[in-house]
Peer 1: 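I have a structure I would like to understand better, so I am pasting it below and will then ask my questions one at a time.
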Amino acid sequence: MKAPKKTEIEAVLAPLEPAAQQAREEEVKRKFWSKFRTTAARLPFAEDVAAAYFCATDSNTPIRAKGTLLAALAYFIMPLDMLPDVIAFLGFTDDFAVLTMAFSTLRQHITDEHREMAREAVEEAKTAS
């Protein structure tokens with residue numbers, strides 16, 4: 001199995017209409033922490049995922065950046081994606097590709113405060129598991 005192509009990733013990160021965007025945000029807020037807690041210990045990019053969550057839910061983050069991050073996070077929490085997460089070592093490859101593309105274009109919106117909250121969340125998730 002291969003990581004998704006750039007065009008597939010761009011499709012995942014494409015903007016949505018405001019109502020659909022709101023629904024996506026609610027779904028991410030509802031499901032993110034459960035998925036994060038169960039995967040943080042084996043997720044090499046856990047801190048980046050948590051920082052993206054804090055940035056995406058920050059009222060100071062611009063709408064377009066928020067939308068892209070929420071799209072990447074929604075993909076992360078999906079139970080079935082291009083490569084199911086239960087496949088050892090390969091399962092998070094597609095999630096990593098989607099999140100990396102979102103991070104690379106939106107890095108300037110992820111603040112030191114988001115990163116600090118992310119570090120704390122990762123430590124908490126790892127000690128809880």
Peer 1: Mind checking what makes side-chain hydrogen bond (donor to acceptor under 3.5 Å, both in side chains) contact with E123, not counting sequence neighbours?
Peer 2: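 Expected list: none.
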
Peer 1: List the atom of R24, the atom of A71, and the distance in Å for their closest heavy-atom pair.
Peer 2: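 Minimum heavy-atom contact is NH1-CB, 3.1 Å.
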
Peer 1: When you group the ILVMFWY residues by side-chain heavy-atom contacts below 4.5 Å and let the links chain together, are L69 and L16 in the same group?
Peer 2: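 Not linked; separate clusters.
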
Peer 1: Determine whether Y53 and K29 make a side-chain contact, defined as any pair of heavy atoms from C-beta on separated by less than 4.5 Å.
Peer 2: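 A side-chain contact under 4.5 Å exists here.
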
Peer 1: Of all the heavy-atom pairs spanning V28 and L70, show the shortest one and how long it is.
Peer 2: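 Taking V28 first and L70 second, the nearest heavy atoms are CG2-O, 3.8 Å.
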
Peer 1: State, to 0.1 Å, how close A56 and L73 come at their nearest heavy-atom pair, and which atoms those are.
Peer 2: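 Result for this residue pair: CB-CD1, 4.0 Å.
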
Peer 1: Keeping T38 on the side-chain end and K35 on the backbone end, is there a donor-acceptor pair under 3.5 Å?
Peer 2: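 Yes; at least one donor-acceptor contact below 3.5 Å.
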
Peer 1: Does the side chain of F36 come within less than 4.5 Å of V122's, by heavy atoms?
Peer 2: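 Yes. Closest side-chain heavy atoms under 4.5 Å.
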
Peer 1: Step by step, work out the salt bridge (Lys or Arg N to Asp or Glu O under 4.0 Å) result for D58 and K66.
Peer 2: CA-CA 8 Å; D58 184 340; K66 193 180 268 226; over 6 Å; no

Peer 1: Would you give the length of the straight line joining atom CE of M101 to atom CG of L106, rounded to the nearest 0.5 angstrom?
Peer 2: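 M101 CE to L106 CG: 11.0 Å, rounded to 0.5 Å.
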
Peer 1: Work out which heavy atom in A51 is nearest to a heavy atom in R115; give both atom names and the distance.
Peer 2: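 Minimum heavy-atom separation between A51 and R115: CB-NH1, 3.9 Å.
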
Peer 1: When you measure from the side chain of T61 to the backbone N and O of T57, does any donor-acceptor pair fall under 3.5 Å?
Peer 2: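 A pair under 3.5 Å: no.
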
Peer 1: State whether R119 and E116 are salt-bridged, where the test is any N-O pair (Lys NZ or Arg NE/NH1/NH2 against Asp/Glu carboxylate O) under 4.0 Å.
Peer 2: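 Yes, this pair counts.
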
Peer 1: Of all the heavy-atom pairs spanning A46 and A40, show the shortest one and how long it is.
Peer 2: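 The answer is CB-O, 3.8 Å.
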
Peer 1: Measure the CG-OG1 distance between L13 and T105 for me, rounded to the nearest 0.5 Å.
Peer 2: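 So the gap between those two atoms works out to 7.5 Å.
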
Peer 1: Quick check: do L99 and D48 have side-chain heavy atoms less than 4.5 Å from each other?
Peer 2: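 The answer is no, as the side chains (C-beta and beyond) never meet within the 4.5 Å cut-off.
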
Peer 1: Looking at R30 and E26, is there a salt bridge between them, counting it only when a charged N and a carboxylate O are closer than 4.0 Å?
Peer 2: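 Here E26 does not pair with R30 in a salt bridge, since their nearest N and O are not under 4.0 Å apart.
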
Peer 1: Ring centroid separation for F54 and W33, is it under 6.0 angstrom?
Peer 2: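 Centroid distance F54-W33: below 6.0 Å, so yes.
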
Peer 1: Would the number of heavy atoms belonging to other residues, nucleotides or ligands and lying under 6.0 Å from CD of E17 be above 12?
Peer 2: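 12 or below, so no.
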
Peer 1: Between CZ of R64 and NE2 of H109, what distance do you get to the nearest 0.5 Å?
Peer 2: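 Answer rounded to 0.5 Å: 10.5 Å.
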
Peer 1: Within this structure, what is the CZ-OG1 distance for the pair F103 and T68, rounded to the nearest 0.5 Å?
Peer 2: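 One gets 12.0 Å once the value is rounded to the nearest 0.5 Å.
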
Peer 1: List the residues meeting side chain to side chain contact (heavy atoms under 4.5 Å, CB included) with T111, not counting sequence neighbours, and say none if there are none.
Peer 2: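 For T111 the side chain to side chain contact (heavy atoms under 4.5 Å, CB included) partners, ignoring immediate neighbours, are E113, H114.
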
Peer 1: Apply the test side-chain contact (heavy atoms from CB on, under 4.5 Å) to residues T100 and F45: give CA-CA distance (whole Å), side-chain angles for both, the deciding distance (0.1 Å), then the verdict.
Peer 2: CA-CA 9 Å; T100 298; F45 53 98; over 6 Å; no

